[in-house]
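Worksheet: the structure to be examined is printed underneath.
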Amino acid sequence: MKNPYEKKIWDRTIVLLFLFLIWLTVIILRLVKLQVIDHIHLKNVVIEQNHDIEDITPKRGTIFDRSGDILARSLPRPSLFYMPSKDEPLNTHLENIQTLRKTLYLSREKTTWIADRLKKGDSFIWIKRKMETEETEKVKKLEISGIHFDEENKRIYPHGKSAAHVLGRVNIDDRGQSGVEYRYNSFLEGEKGERLILKDAKHREYRFEILKAPVAGKDLILTIDETIQYIAEKELEKAARETGARWGTVIIAHPPTGEILAMANYPAFDLNNPPSDINGIDRNRAIHQTFDPGSTFKIVTASAALETKSVSLNAVFDCSRGVIAVPGKVIRDHKKMGVLTFPEVIIHSSNVGTVQIGQRIGEKNLYATIKAFGFGRRTGIDLPAEEQGIFRPLENWTNISLSSLSIGYEISITAIQMLNAINIVANKGLVIPPRIVKNGPLSEDTDNQSPAPNQRVISEETCLQLSRMLEGVVLSGTGVQARIDGYRVAGKTGTAQKFDPTIGSYSSRLHSASFVGFVPAEDPILSIIVILDEPKDEFYGGEVAAPVFRDTAFQTLRYLQIPPHYISPKSLIASRQKQGTQ
């Protein structure tokens, strides 16, 4: 039998053991609650306090020309960011930013933005993204606490300003802003990933945890040929500077496929160093700028006359007075030409004769032909924001509309539309819509206005007769400066007065000069349009635009190794591509 003292100790031990078990049970239950029941919630609370979730931008797809030459690519570049420690006062962080400002030449606006972010308590702040190696080394030598580097991809354009308006730009986040970069952004950009940036309580340390891996973008192959693009840009810039033109554009296509081999604009800009005020200069005038076509539009008028058989080839027109009166207006020629046959009216670009041809065609027939050629609607080229131009419905025509439209006024078109029209003639009456991309997704914004491929517009007979007239333009008419020794050239000059809003009428001193044509005439391999806006001194299309056609076409034919008076090699353009990619 235990004595009273031992019993007392035993009782106390039991009580203490009981209390310990209760305490242990409470601890276990608490741990279960924290580690099991509330684990997800508490983890999220911790993450919310000590993390940032950021998108991972995938590597953007490369853009190639038709021969495999790189036009745009993405290369890794270091990006600098700042993570302020809570152990240091705000003034220290602001001083650090001022040091970085002097080293990296940050703008005042950028520095102010960073300071505001610091004052708000942000824990992750971009300082400068996609830096060059020299800048990175300078920053590392500063040994400032809180600065870190991350690797991003920077868009590089190896040829600088070449095809700048076609390629377009991307913003700092690698999203397309214009051109092909914008049009095919979803194809090029890939799929974004996500990463978790984890920090300690004082934001002094961090590590990255990949939540979702990015998927790289797909590559894109254009129909553009870099060498032909260079030729077009060189000749366009030379002509624009010599004539003092305000702007200009040259488009070169392969009519049988509709592929655009070059699309040049003046003035151009370097994609790697775009100007700070980019608005306007990155406008692709080849598809965005509308203008009155003037005499190049006589191609459509002549097509209507031939297709409807309103005028025979041996019909004659009295143009001896050099003027013709129409309701409310007098239309003039640039010189008196006497009596001309139908082909001679086109060859010598007589306005007086063309108005008489238009009168024989009639409003309905001319309207139907213009619509069939695709004017007043987009061509469907796979570039963003193509303009459709202005072509009024027949019911809105006035007494002078028939005469004006016959010679290329009262209608507003784009260069790509006019090139598409000459391609219809080159393709023996069939529509082959223009395109800029060889591979890639189907059109993401299919335009129901665009004509269907291989749709017939005019007959083969009409095209043959019209081609002969257009050859005459170059052989003995207004386009003699477009001649190329050894090649048959078909084309048409254009000189249009521009509407001057300051005087409320067409100006006698402001003009747009143009030439459109194809070569070799018997089996077209190239079609080219040249537009020069407001050239000084000489302003006729035959004087300033036709020589650009000649020089551009000759160099391109030589580059493609197409001999004079050649026997048609049907796959020269395609074989050129294969040679470049082998």
Are [X] and [Y] near enough that their ring centres are under 6.0 Å apart?
X	Y	answer
Phe391	Tyr367	yes
Phe269	His165	yes
Phe375	Phe297	yes

Verify whether one side chain among [X] and [Y] offers a donor that lies under 3.5 Å from an acceptor in the other.
X	Y	value
Ser67	Asp69	no
Asp270	Tyr157	no
Asn272	Lys161	no
Thr301	Lys298	no
Gln177	Glu181	no
Thr398	Ser401	yes
Ser459	Thr462	yes
Gln555	Glu235	yes
Ser162	Glu226	yes
Ser349	Lys492	yes

Between [Y] and [X], does any NZ, NE, NH1 or NH2 come within less than 4.0 Å of an OD or OE carboxylate oxygen?
X	Y	value
Lys498	Asp533	yes
Asp282	Arg169	yes
Glu386	Arg378	no

Exercise for the section: Would you list the pairs meeting side-chain hydrogen bond (donor to acceptor under 3.5 Å, both in side chains) in which at least one residue belongs to residues 422-437, sequence neighbours left out? Expected result: Glu259-Arg435, Asn423-Ser527
Handout entry: Approximate separation, where rounding is to 0.5 Å, of Asn265 CG and Ile287 CD1
Key = 9.0 Å
Practice task
Could you grab the distance from atom NE2 of His288 to atom OG1 of Thr414, nearest 0.5 Å is fine?
Solution key: 9.5 Å
Practice task
For Arg392, check salt bridge (Lys or Arg N to Asp or Glu O under 4.0 Å) against everything at least two apart and list the hits.
Solution key: Glu410
